[in-house]
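In what follows, chains are A, B, ... by sequence order, proteins preceding strands, each numbered from 1.
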Protein chains: 2
Amino acid sequence: MAASESSRAALVRSPTMGDVAAGAGVSRATVSRALSRPERLRPETVERVKQTAQELGYVLNPVAKALSTGRFGNLALVVPDIANPFFPPMIRAMEGLADRAGFSVFLGNADEDPAREHKLLGQLAKQVDGIVLASSRMTEELIREHAERRPLVLVNRDVAGLPRVLVDSAGGVAQAVEHLAGLGHRHIAYLNGPSRSWSNTQRRRTVQRTAERLGRSVSMVAARLSSYEAGRRAVPALLACGASAVIAFDDLLAHGVLTGLAERGVAVPSAFSVVGCDDVLAAQTHPQLTTVSARAAEAGRAAVELLTGRLASAVAISDARLMLETSLVVRATTGPAPGR
Amino acid sequence: MAASESSRAALVRSPTMGDVAAGAGVSRATVSRALSRPERLRPETVERVKQTAQELGYVLNPVAKALSTGRFGNLALVVPDIANPFFPPMIRAMEGLADRAGFSVFLGNADEDPAREHKLLGQLAKQVDGIVLASSRMTEELIREHAERRPLVLVNRDVAGLPRVLVDSAGGVAQAVEHLAGLGHRHIAYLNGPSRSWSNTQRRRTVQRTAERLGRSVSMVAARLSSYEAGRRAVPALLACGASAVIAFDDLLAHGVLTGLAERGVAVPSAFSVVGCDDVLAAQTHPQLTTVSARAAEAGRAAVELLTGRLASAVAISDARLMLETSLVVRATTGPAPGR
DNA sequence: TTGAAAGCGCTAACAA
DNA sequence: TTGTTAGCGCTTTCAA
């Protein structure tokens, strides 16, 4: 009754290469070759092996293969918050491309917590060929450390020496400021997102510089995290600072602001203008939010391409720095400054 | 220079159990025990082993462990479309719970395609301990087949004999119909979602029955898939059918409808009422959509609990059928029927 | 073109 | 309490 006693035991456990070998009257090595390097075998052998594999319902065991080759056929994808609408389109694009390249993907949700991010990367590293790390909140030092263990591509995080894809919101944000200035707004607020976010830093600076250049004043308002509620709660501060328009770190905050304004009877855009960022919520909700395109899906695709390219070539193209330009998408939540 | 030649080679490759064993002056088995069953070892031995493991920066290789034990420490999560706002909160909840239970998670995006779903499950099955399959579009037969290979829990798909978590939108949808009837609407439309969706079938039937019971007429409008654009395009049909209110398959469609109505100058809710489903977009966007709560996160959590419970107990609780009740959340997009 | 055999890093009887 | 040994299922030299 021992599993090794007779071939009838194969009925319960799934068939292995040995079973196929026995069935086809060849060695396990030959089965392996028939499946991975058929050109090195006589066609009729390959045929016979594939035939019996088919009959037995044999499926290659990826874990055994991985142990033997050191290659896993898996990618890791780590994001700070999968529930943030910025990420799903990116994840979707990544998963699709990874799949086409023959990889399965692990998803890690870091919960905006650098420590959890670190832990996730640690436990995933040993079963993936490469990692895409999006909007990391970890220190540069820690990121470098992980990048040494496994090929790693960053999204929206700018660490010199590591391959990275950056959605350059500067262009779009500058356009947003110009758009508002052109509409007569003299005082613009910027509603901040997560403080450790590279994107937030970039957007804040761009608002500041552009407004300065155009001679408009700017107020910085803190939300500190990206959420609808945070945006809603920021409205009193927004109104108090004297601005007549706000550029929010992202669409989620912008929607919160819309609600907060509505609750206070402030009409949009006639009394107050609102601009979002990322064009993700904006594209699938009403009202049509004026926003800065973020090209999340493209960024994801580019990151996976960089990663699989690097995995295939064995030549570490380490310092790739891909910038994706953005632009303003004017929709319905911006209008002329009040009293003009 | 062969890897086995001298221990100096350990500098390049990551340390194995053998390295730790050598360093601590014990056997590999002892290292293994120190890490997984420390209670079976003398405390000082455990200490010594952990110490040297620490020094060497040793991390257990999960793939080798999996090959040896047949347990992977991985779960698979397959959804039809990760970009559909219904899923991210669910995925997030699942990932969090899985992580706490010591599992990493593979994410599969089936793209609303049964064939892709099948393929994904096939390739993932060999490296996971269990599977959560959400809103499957596959045939019951195929689902059963996969459930035989690996422990599998369904979400929002009702297959007898398999453990499943169902968000029972009947309650909430019935309330929505009653709510609208109470507001004087005599003709209500239901905007359909994906035809293979269990949830859609359930919602459609509930609308029909409840409206019948209350003596209201119903029109069925097809959108066939869940997207903002589909909702928007459905507006002409919606207006043409003579209804004064719509219940949409989900929030995404509802938002599309809102935009379509706005484009035609139809005011919400004074001229037309809109109800969504899922309360996912609704909770983080403006305007505040009247919707049916979907408890996606809870459903995800329940599914993972069912799965890990089953994995731990080794007793197959096969026919669990968990229903999560829903209810209507009245917000700002429904109002009295026009002309009343 | 094919087979034999060693080994990937770990676990788990079985002994001691 | 600890070590020895035999795999887990696959790939990959090396020989034939």
Side-chain angles (χ1 to χ4, degrees), chain A residues 2-5 9-10 12-49 53 56-74 123 125-127 129, chain B residues 1-5 7 9-10 12-50 53 56-74 125-127 129:
Chain A
S4 55
E5 199 178 296
V12 294
R13 59 163 180 63
S14 53
T16 73
M17 232 169 214
D19 300 326
V20 179
V26 297
S27 74
R28 284 154 57 205
T30 300
V31 176
S32 176
R33 291 189 190 108
L35 266 31
S36 48
R37 278 181 201 49
E39 71 278 5
R40 300 199 175 178
L41 252 40
R42 221 181 336 159
E44 52 204 86
T45 312
V46 173
E47 185 48 41
R48 187 153 38 96
V49 169
L56 266 49
Y58 170 75
V59 195
L60 200 149
N61 181 329
V63 171
K65 175 173 187 168
L67 184 60
S68 165
T69 61
R71 302 184 75 283
F72 305 87
N74 296 149
Q123 66 187 49
K126 289 261 167 181
Q127 39 187 338
D129 299 309
Chain B
M1 271 300 177
S4 54
E5 198 177 298
S7 64
V12 295
R13 59 163 180 63
S14 55
T16 75
M17 233 169 213
D19 299 328
V20 179
V26 296
S27 74
R28 282 153 58 203
T30 299
V31 176
S32 176
R33 290 186 191 109
L35 266 30
S36 48
R37 278 181 201 51
E39 70 279 6
R40 300 198 176 178
L41 253 39
R42 217 179 339 157
E44 53 205 82
T45 312
V46 174
E47 183 50 38
R48 189 153 37 97
V49 169
K50 287 196 169 169
L56 267 50
Y58 171 74
V59 195
L60 200 148
N61 181 330
V63 171
K65 175 173 187 168
L67 183 60
S68 165
T69 61
R71 302 184 73 281
F72 305 87
N74 296 148
K126 290 261 167 179
Q127 40 187 338
D129 299 308

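The side chain of T16(A) places no N or O atom within less than 4.0 Å of a non-bridging phosphate oxygen (OP1 or OP2) of dG9(D). Side-chain nitrogen and oxygen atoms of R28(A) include none within less than 4.0 Å of the OP1 or OP2 phosphate oxygen of dA4(C).
Here dG9(D) presents its P atom at 10 Å from OH of Y58(A), a figure rounded to the nearest Å. One atom, CG of L67(A), and another, C1' of dC8(C), lie 4 Å apart when rounded to the nearest Å. Taking atom CZ on F72(B) and atom P on dC8(D), their separation rounds to 14 Å, with Å as the unit. Atom CZ in R33(B) sits about 10 Å away from atom C1' in dC14(C), given to the nearest Å. Look at CZ on R40(B): it is 13 Å from C1' on dC14(C), rounded to the nearest Å. Regarding R37(A), its CZ atom lies at a distance of 15 Å from the P atom of dT2(C), rounded to whole Å. For M17(A) and dG3(C), the CE to C1' distance is 14 Å, given to the nearest whole Å.
With the nearest nucleotide of DNA chain D identified for both P43(B) and T69(B), P43(B) has the one nearer the 5' end. In terms of position on DNA chain D, the residue among R42(B) and A64(B) whose nearest nucleotide sits closer to the 5' end is R42(B).
At the heavy-atom level, V26(B) lies under 4.0 Å from the strands shown only through sugar-phosphate atoms. Heavy atoms of S36(A) sit nowhere under 4.0 angstrom from any nucleic acid atom. Looking at heavy-atom distances under 4.0 Å, R71(A) makes no contact with the nucleic acid at all.
K65(A) contributes atom NZ, which lies 8.5 Å from atom CE of M17(A) (distance to the nearest 0.5 angstrom).
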Side-chain donor-acceptor pairs under 3.5 Å in residues 24-37 of chain A, sequence neighbours left out?
from	atom 1	to	atom 2	distance (Å)
S27(A)	OG	A29(A)	N	3.4
S27(A)	OG	T30(A)	N	3.3
S27(A)	OG	T30(A)	OG1	3.2
S36(A)	OG	S32(A)	O	2.8

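Contact of the V59(A) side chain with the K126(B) side chain is registered, since non-hydrogen atoms from C-beta on lie closer than 4.5 Å.
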